[in-house]
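Working notes, beginning with the structure itself.
Naming convention: chains lettered A, B, ... in sequence-line order (proteins, then strands); numbering from 1 in each chain.
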2 protein chains.
Amino acid sequence: MSKRLFNFCAGPAALPEAVLQRAQAELLDWQGKGLSVMEMSHRSDEFVAIAQQAEQDLRELLVIPDNYKVLFLQGGASQQFAQIPLNLMPEGGSADYIDTGIWSRKAIDEASRFGNVNVAGSAKAYDYFAIPGQNEWQLSADAAYVHYCPNETIGGLEFNWVPQTGDVPLVADMSSTILSRPIDVSRCGMIYAGAQKNIGPSGLVVVIVREDLLGRARASCPTMLDYAVAAQNDSMYNTPPTFAWYLSGLIFQWLKEQGGLDAVKRINDAKQKALYSAIDGSELYNNPINVADRSWMNIPFRLADDRLDKPFLAGAEERGLLNLKGHRSVGGMRASIYNAVPQAAVDALVAYMAEFEQQHG
Amino acid sequence: MSKRLFNFCAGPAALPEAVLQRAQAELLDWQGKGLSVMEMSHRSDEFVAIAQQAEQDLRELLVIPDNYKVLFLQGGASQQFAQIPLNLMPEGGSADYIDTGIWSRKAIDEASRFGNVNVAGSAKAYDYFAIPGQNEWQLSADAAYVHYCPNETIGGLEFNWVPQTGDVPLVADMSSTILSRPIDVSRCGMIYAGAQKNIGPSGLVVVIVREDLLGRARASCPTMLDYAVAAQNDSMYNTPPTFAWYLSGLIFQWLKEQGGLDAVKRINDAKQKALYSAIDGSELYNNPINVADRSWMNIPFRLADDRLDKPFLAGAEERGLLNLKGHRSVGGMRASIYNAVPQAAVDALVAYMAEFEQQHG
């Protein structure tokens, strides 16, 4: 009998149990067809239907306007860090980037290899504990685009507002926030997200891109990295990661069954409130992020005495609370509470934190 | 109850039933850890052990020398078509390519975007029904490498010999032949293969590259496409496709249980002999490929009257023989009989072919 524990991993992250059960049931024989989804030609009627349904459900969940393409690609957000300038920044051109933490800076470093990057705003002055308001930014009039990371998975900062960039396309790395609540896609020229947090398993990256931004790739852009080629071929220029695409489709269906993103937002709001309340109401735990800029998905916290880290983690594992260790660059703890992490997991964590504080506080 | 049919798909292709059963059994709870492999951090002890075991088993199966790195990447062979020149051909340099069919030409087209491609040998003069001997090639002394495709998945040609390229590294697209029989890795500078034929599910590409070829990437090469970066990071510069990697590891174990590649070669030899014999012994079926150059893995055949194609395919489906339709560029039929397609599948196909010929011949 399988025994499922509570998994707070930042990614690859927990998946909904109901989705895994369905994938398990049909792993050897998909809908009586006599083969696994993994064994189907990506050009078969069956797989094309799976792929199209997944796209349609994602469009419905995020209310994606018709003039946006949805691409199912490989290489993760890290490959997008190069793909974005290769597609959207002309040779010798420039782009504005906002630096709010480690993932922003990775995007900046890679883009700098392909053109002029203007760091138009930075959280550095706030030690990366707060997001600078747009009034503190220096956007360029001639930027090919403005790039930002709405949720910093490692630092635990999240924008609760959308930058205003006028006619300059806004590009958003939504890897760890997508599908956690409704968004207004039309505010962005492009959105991308590695799947392994709120979309599905690793090995898939979803790109949502406005059609007028297609067809601008540099001559030096590899064909496989050209968004226009992917769009023309319905993300099947070559064999796509079919199982990850299928599983993501199951997750989109599960999100619709939850009541869509309005309902998901309410659930996530309750989860984050419960955890931040537990942190803020204690003497032992601390989250350093400016309250208005706190992430709903990735909640880092430190213990007052870091010699308590090891016993805290050991006790958590004993209680089936997995992967609470913080990123090595930050230390302390981090609870990633993506869509697939239920309220019950947060409640169990909060109860354990109180118990631990009573013993060690 | 799941009912498994015989699947002759060219890729994504059949997977061993025993492997799918094991993946199914542990899909929600891997070895009592309380979570799926898909939900594990790629940097966890558990997943790193899975990944290392997979590499070690592949090294054992292919007898990969110690001075070769094994990389588990994304983007398929099509992304390699760009990655190879970006890593191995200097700016303004050139490389030799051998044209034996559609996949060779795709590699040639993409490489031509990054430098000078010399088509040093071509099967065109033989209408792509035979492989030109090396005495008919014009290799260049200053080529950065020689690229060839040992097995053409669509045309159904396979090299039964390895080109001699002296000090010039030989680069081989082994997507549809790798692991079908023993090879001498040391004859190649680099071998690559999309997983979705003989390795595992789609969304993974394996690269085996000699260490002295690392560190030559162009300045314009995206970080994610630089083999040296992948090698330095044990293929975890960013989140790899963990489930595909794990499943490939299960397949490597299954191949070892079969007795390794010597045993696999004997099984595949019997399968291909049975099918080619059925074709050659009939009046109705025909395979046009020069006998010495016939593929063991992908066997195209035509019916004497192509009005019989539809009834042939319909009858095959009725008997649970799936995906026998040939590639649209070739027409007719194609049976892909990779490692996971058992002798029983070939026997069933051969019996059906005889039955159909009796009725329609």
Side-chain angles (χ1 to χ4, degrees), chain A residues 2-5 7 9-15 17 20-21 23-24 26-29 32-36 38-42 44 74-79 81-83 86 110 113-114 194 196 200-204 219-220 222-225 237-244 247 320 322-323, chain B residues 2-5 7 9-15 17 20-21 23-24 26-29 32-36 38-42 44 74-79 81-83 86 110 113-114 194 196 200-204 219-220 222-225 237-244 247 320 322-323:
Chain A
S2 84
K3 165 194 58 125
R4 301 265 303 161
L5 303 180
N7 181 9
C9 192
L15 295 167
E17 185 164 346
L20 287 173
Q21 277 166 345
Q24 183 179 45
E26 59 195 27
L27 196 73
L28 274 82
D29 181 14
K33 295 289 179 183
L35 75 179
S36 176
M38 281 185 265
E39 301 174 300
M40 288 178 187
S41 168
H42 53 296
S44 65
Q74 298 183 59
S78 294
Q79 191 160 306
F81 296 163
Q83 227 164 316
L86 284 171
E110 185 72 2
R113 301 183 57 233
F114 300 99
Q196 67 275 12
S202 64
L204 179 72
S220 61
T223 303
M224 277 289 295
L225 271 53
Y237 176 77
N238 73 339
T239 314
T242 51
F243 190 71
L247 213 77
L322 305 182
N323 294 315
Chain B
S2 84
K3 165 194 58 126
R4 300 265 304 159
L5 303 180
N7 180 10
C9 191
L15 296 167
E17 185 163 348
L20 287 173
Q21 277 166 344
Q24 182 180 45
E26 58 194 26
L27 196 72
L28 275 82
D29 181 13
K33 294 290 180 182
L35 75 179
S36 177
M38 283 186 263
E39 302 174 299
M40 288 177 186
S41 169
H42 53 295
S44 65
Q74 298 184 59
S78 294
Q79 191 161 306
F81 296 163
Q83 227 165 314
L86 284 171
E110 185 72 3
R113 302 183 56 233
F114 300 98
Q196 67 275 12
S202 64
L204 179 73
S220 62
T223 303
M224 277 288 295
L225 271 54
Y237 176 77
N238 73 339
T239 314
T242 52
F243 190 70
L247 212 76
L322 305 182
N323 295 313

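Contact tally against chain B (heavy-atom pairs below 4.5 Å) for A:Gly320, A:Ala10, A:Ser78: the top residue is A:Ser78. Contact count versus chain B (heavy atoms, under 4.5 Å) is highest, among A:Pro201, A:Ser41, A:Ala244, for A:Ser41. Per-residue heavy-atom pair counts under 4.5 Å with chain A were compared for B:Leu204, B:Thr242, B:Leu322, B:Leu86, and the maximum is reached by B:Thr242. With respect to chain B, the highest number of heavy-atom pairs below 4.5 Å among A:Ala13, A:Gly11, A:Gly76 belongs to A:Ala13. Between chain B and the residues A:Ala82, A:Ala14, A:Ala77, A:Cys9, the largest count of heavy-atom pairs under 4.5 Å involves A:Ala14. Heavy-atom pairs under 4.5 Å with chain B were tallied for A:Asn7, A:Leu247, A:Thr223; the largest tally goes to A:Thr223. Listed options A:Pro241, A:Ser202, A:Gly200, A:Ser44 were ranked by heavy-atom pairs under 4.5 angstrom with chain B; first place goes to A:Ser202.
Partner A:Met224 forms a side chain to side chain contact (heavy atoms under 4.5 Å, CB included) with one of B:Gln83, B:Gln74, B:Gln79, B:Glu110 and no other, that one being B:Gln79.
Note that CG of B:Leu35 is 10.0 Å distant from NZ of A:Lys3, once rounded to the nearest 0.5 Å. In this structure, B:Leu15 CG and A:Met38 CE are separated by 6.0 Å, a value rounded to the nearest 0.5 Å.
Using a 4.5 Å heavy-atom threshold, the side chains of B:Pro12 and A:His42 count as touching. Counting only heavy atoms from C-beta outward, the side chains of A:Pro222 and B:Phe81 never approach each other to under 4.5 Å.
Minimum interatomic distance between A:Lys33 and B:Leu5 (heavy atoms only, all atoms of both residues): O-CD1, 3.6 Å. The shortest non-hydrogen separation linking B:Leu27 to A:Leu20 is CD2-O, 3.6 Å.
Residue A:Gln196 touches chain B through its side chain alone, counting heavy-atom pairs closer than 4.5 Å. Using a 4.5 Å cut-off between heavy atoms, A:Ser36 contacts chain B through both its backbone and its side chain. Proximity to chain A involves both the backbone and the side chain of B:Ala23, based on heavy atoms less than 4.5 angstrom apart. Of the atoms belonging to A:Met40, it is backbone heavy atoms, and not side-chain ones, that fall under 4.5 Å from chain B.
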